[in-house]
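Note that these values count all heavy atoms, side chains included, but never hydrogens, waters or copies made by symmetry. Counting starts at 1 for both ligands and their atoms, in listed order.
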Amino acid sequence: TTAKAPEHAQAAARAAELRHLLDYHAYRYYALDAPEITDAAFDKLLVELQRIEAKFPDLVTPDSYTQRVGGYVGEQFAPVTHMARMYSMDDAMDLAELDEWLQRTEDALGTGKAAYTCELKIDGLGVALTYENGAFVRAATRGDGTTGEDVSLNVRTIRDVPMHLAEAGLAHMGADRNARIEVRGEVYMPKGSFARLNEEADAEGRAPFANPRNAAAGSLRQKDPKVTAKRDLATFLYAVASTDPLHVHSQREFLDWLRDAGFSVNPNAKRCTSPAEVHEFCANALAHRADLDYDIDGVVVKVDAFEQQADLGFTARAPRWAIAFKFPPEEKQTVLREIRIQV
Ligand SMILES: CC(C)(CNC(=O)c1ccc(Oc2ccccc2)cc1)c1ccc2c(N)nc(N)nc2n1
């Protein structure tokens with residue numbers, strides 16, 4: 001066994017180095033959208049780690065990048081109670097209703113001026129991701145807002161979901177770096193992946209998915225994580241149940257923290273300091289809707305300062321400090337399946 005010791009120790013050291021490298025390069029790629037190495041170089045590191053773990057199984061750690069796709073089928077979809085309600089939002093169906101909300105909000109705040117953070121409303125599936133001591137511990141669907149389904153094994157296969165929080169995010173938490181936090185966001189299927197998936201379905205004579213949202217929902221509900229892993233799902237995070245451990249004081253600061261921590265955050269968010277700026281953001285989002293690689297169904301306008309959010313509070317159903325400005329359904333050129341009529 002002494003002969004084995006140096007080889008094992010060497011393998012253990014290299015495995016730790018590879019785990020760190022893979023996490024760093026995944027962070028560069030998914031959170032910063034600024035990769036330093038090619039995908040091929042990344043895959044080479046991953047294969048090297050998989051080989052070491054195959055030779056020395058005791059070196060496998062749960063947060064290792066190689067553990068993204070795995071786990072047996074039975075343990076999925078158990079009911080999960082969220083740390084805090086995952087609220088929905090009131091809707092504004094047109095600019096007049098949006099202006100009513102802006103006016104009502106500014107009156108309620110009494111300050112005359114409020115700043116808002118405008119975000120794209122991704123047409124996907126709401127999920128809650130829970131981290132403890134900086135490590136991913138669970139993912140759940142939104143469900144009815146209080147109780148969702150455990151989809152941890154499937155969410156682990158989504159490449160842009162970090163298995164543990166990056167140091168830049170943890171450092172911001174100071175003494176609370178080990179706190180349990182639950183972030184919320186959307187799981188979506190990029191339009192390109194949706195088109196490819198439906199081409200495959202067509203080629204195999206299976207029914208196509210109606211839209212990317214349904215395809216994302218179907219992919220998250222897969223019993224076998226190996227199938228989910230092939231569905232090319234992605235995320236954008238946008239909320240947290242309790243902001244205390246993060247020591248941030250506005251939605252804009254929070255979105256910056258999410259990036260620091262390694263999460264994928266939609267790059268089109270903007271802090272607006274007047275209703276006119278909010279209108280401009282909405283008009284611009286609608287104008288560029290078709291150019292995006294994901295479906296959106298509107299814009300979410302949020303009071304930016306957390307102190308003002310706390311002043312406004314929640315109704316039974318939704319926060320008073322956020323509104324969903326809805327876009328009309330996008331007319332899509334649906335390719336009708338050829339129908340052969342036997343004449
Ligand atoms: C605003 C919020 C409803 C999230 N916020 C929450 O879920 C939430 C929940 C408890 C909170 O704080 C509490 C903590 C404990 C008790 C009560 C409230 C705070 C925020 C929401 C919902 C859907 C969104 C969407 N589709 N796209 C974008 N871009 N943003 C969205 N934002």
Side-chain angles (χ1 to χ4, degrees), residues 80-92 98 101 105 114-130 139-148 176 179-189 211-213 216-217 220 233-259 263-272 278 281-282 284-286 289 292 294-327:
V80 165
T81 303
H82 302 302
M83 273 172 74
R85 260 186 68 72
M86 284 179 75
Y87 288 91
S88 50
M89 289 175 290
D90 293 328
D91 289 346
L98 176 60
W101 180 81
T105 304
Y116 303 93
T117 291
C118 293
E119 304 170 5
L120 297 184
K121 190 169 181 303
I122 312 300
D123 197 2
L125 220 56
V127 283
L129 307 179
T130 305
T141 57
R142 184 181 174 286
D144 62 6
T146 303
T147 306
D176 293 326
R180 182 155 168 256
I181 59 157
E182 187 183 292
V183 290
R184 281 89 188 269
E186 213 77 8
V187 169
Y188 68 94
M189 183 179 290
N211 54 53
R213 190 197 174 291
L220 263 195
L233 295 176
T235 61
F236 286 125
L237 280 300
Y238 49 66
V240 63
S242 60
T243 60
D244 307 351
L246 311 184
H247 307 300
V248 289
H249 308 290
S250 71
Q251 180 65 5
R252 179 175 54 166
E253 266 183 72
F254 168 60
L255 294 178
D256 290 342
W257 177 84
L258 279 171
R259 270 189 207 90
F263 292 104
S264 170
V265 179
N266 192 278
N268 299 295
K270 186 172 187 283
R271 186 169 183 271
C272 300
V278 172
F281 182 92
C282 294
N284 190 45
L286 183 56
R289 188 181 192 180
L292 297 169
Y294 41 84
D295 279 351
I296 60 171
D297 56 348
V299 167
V300 177
V301 183
K302 300 173 180 178
V303 170
D304 186 45
F306 282 165
E307 198 176 322
Q308 290 187 322
Q309 290 185 6
D311 291 348
L312 292 166
F314 295 77
T315 64
R317 213 180 71 85
R320 286 196 191 85
W321 41 267
I323 191 84
F325 176 62
K326 304 290 282 194
F327 289 163

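Remark: side-chain polar atoms of His249 are not paired, donor with acceptor, to backbone N or O of Glu307 under 3.5 angstrom. Between the Asp176 side chain and the Asp244 main chain, no donor and acceptor come within less than 3.5 Å of each other.
Asn266 and Tyr294 make their closest contact through ND2-OH, 2.8 Å (heavy atoms, listed as atom of the first residue, atom of the second, distance).
Checked options Glu186, Arg213, Met189; the residue passing with Asp123 is Arg213 (criterion: side chain to side chain contact (heavy atoms under 4.5 Å, CB included)).
Around ligand 1 you find Ala84, Arg85, Tyr87, Met89, Glu119, Leu120, Lys121, Arg184, Glu186, Tyr238, Ala239, Val240, Ala241, Val300, Lys302, Phe314, Trp321, each with a heavy-atom distance below 4.0 Å.
Inspection of the Glu119 and Gln251 side chains reveals an N or O donor paired with an N or O acceptor under 3.5 Å.
By the 4.0 Å N-to-carboxylate-O rule, Glu182 lies close enough to Arg184 to be salt-bridged with it.
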